[in-house]
Visitor: 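One structure coming up, written as structure tokens, with questions to follow.
Each ligand, and each atom within it, is numbered from 1 in the order the structure gives. What you are looking at is a predicted structure, and each value in this text was computed from that prediction instead of being measured.
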Amino acid sequence: MQKKEQLYEGKAKKVYATDEPDLVIVSYKDDATAGDGAKKGTIRDKGIVNNRLSNALMQKLEQEGVPTHFVQQLSDRETLVKKVDIIPLEVIVRNVAAGHFSLRMGVEEGTPFKQPILEFSYKNDELHDPFINHYYALALGLATQEEIDAITAYAFKVNEVLKAVLLQANIRLIDFKLEFGRLADGTVVLADEISPDTCRFWDATTGAHLDKDLFRRDLGGEEDAYQEVMRRLLG
Ligand code: UDP
């Protein structure tokens, strides 16, 4: 597989073309941002952890019936994935109150929910990813009803699979963000990444943060925490 020109550079990843029109290479960086870009820094070897973890979790999800963009890991930081047209929704699933939910709703962090919450944001940096519901997505043509139905079913399935996998590593899945994309034929697949950048992971015994909140909140220890999650999940 020939790596060609850079197509895109985001906050945490770069994307390169390949000699196959339907495949691209994702390259994970150590760069970290928080607070809508207000805080910038790096987390050493984060790119390696996120690449390896995201690939392992996506392979597990494929086995459990959730289609993903994953094709093949190429190196520590690089992975071959199917080229998708990203659906501009941040799809958030919550099991326990935290972060913006706690602020918005006045519910103490750590309060478990009676059932998981599914939430959408419009993925738009200029507008700071505003909170929307599925009627907004339909009205604005961001996704079709069929796509929303598929995304909803996949998101809850991802939650069940990830909760079980993580609990075996003594990690509680508090909440997470997913992104989905369309293949050339319109099929909806899970894309982007699943990592401590995009999930809240708490140690199931101590409640310690094992995710990007350590960086966001200036708590420190984020490099060790990312390594710890990788060690627990991948050995
Ligand atoms: N999240 C993310 N990217 C975003 C916003 C949120 O990956 O741009 C993840 C975040 O890591 C957490 C979940 O989505 O696991 C819910 O985040 P929340 O809405 O509470 O916002 P936050 O407080 O993280 O900004």
Visitor: Going by the order shown, which atoms of ligand 1 are within less than 4.0 Å of some heavy atom of C199?
Guide: 11 (O), 15 (O)

Visitor: Residue-level breakdown please: for D197 versus ligand 1, do any non-hydrogen atoms fall below 4.0 Å on the side chain, on the backbone, on both, or on neither?
Guide: backbone

Visitor: Of the protein's non-hydrogen atoms, which lies at the shortest distance from atom 3 (N) of ligand 1, and what is that distance?
Guide: K177 CE, 3.5 Å

Visitor: Can you pull out the closest protein heavy atom to atom 19 (O) of ligand 1? Residue, atom name and distance to 0.1 Å, please.
Guide: R94 NH2, 2.6 Å

Visitor: I need the single residue from L178, D129, I132 that forms a side-chain contact (heavy atoms from CB on, under 4.5 Å) with L89. Which is it?
Guide: I132

Visitor: I'd like the name of whichever of R104, K123, R200 reaches closest to atom 16 (C) of ligand 1 through any heavy atom.
Guide: R200

Visitor: Going by the closest heavy atom to atom 25 (O) of ligand 1, which one wins out of H100, K11, E119?
Guide: H100

Visitor: With a heavy-atom distance limit of 4.0 Å, tell me whether A98 approaches ligand 1 through its side chain, its backbone, both, or neither.
Guide: backbone

Visitor: Look at the side chain of T206 and the backbone N and O of A208, then say whether any donor-acceptor pair between them is shorter than 3.5 Å.
Guide: yes

Visitor: Tell me which pairs pass salt bridge (charged side-chain N to carboxylate O under 4.0 Å, His left out) where either residue lies in residues 164-176, with sequence neighbours left out.
Guide: R94-D175, D175-R200

Visitor: Return the residue, atom name and 0.1 Å-rounded distance of the protein heavy atom closest to atom 10 (C) of ligand 1.
Guide: R216 NH2, 3.6 Å

Visitor: Could you tell me, atom by atom, which parts of ligand 1 come under 4.0 Å of a heavy atom of F176?
Guide: 14 (O), 15 (O)

Visitor: Does K163 have any side chain to side chain contact (heavy atoms under 4.5 Å, CB included) partners at least two apart in sequence or in another chain, and if so, which?
Guide: N95, N159, E160, L173

Visitor: Side chains of S195 and E193: any donor to acceptor distance under 3.5 Å?
Guide: yes

Visitor: Quickly, which of L7, V71, L74, V81 forms a side-chain contact (heavy atoms from CB on, under 4.5 Å) with I25? Name it, please.
Guide: L74

Visitor: In a check of side-chain contact (heavy atoms from CB on, under 4.5 Å) between T33 and each of K39, R216, K40, which one passes?
Guide: K40

Visitor: Show me which atoms of ligand 1 lie under 4.0 Å from any heavy atom of E90.
Guide: 4 (C), 5 (C), 8 (O)

Visitor: What are the atoms of ligand 1, with element, lying closer than 4.0 Å to any heavy atom of D175?
Guide: 12 (C), 13 (C), 15 (O), 16 (C)

Visitor: Flag yes if more than 12 heavy atoms outside R217 fall under 6.0 Å of its CZ atom; otherwise flag no.
Guide: yes

Visitor: Only heavy atoms of G99, strictly under 4.0 Å: list the atoms of ligand 1 that pass.
Guide: 20 (O), 23 (O)

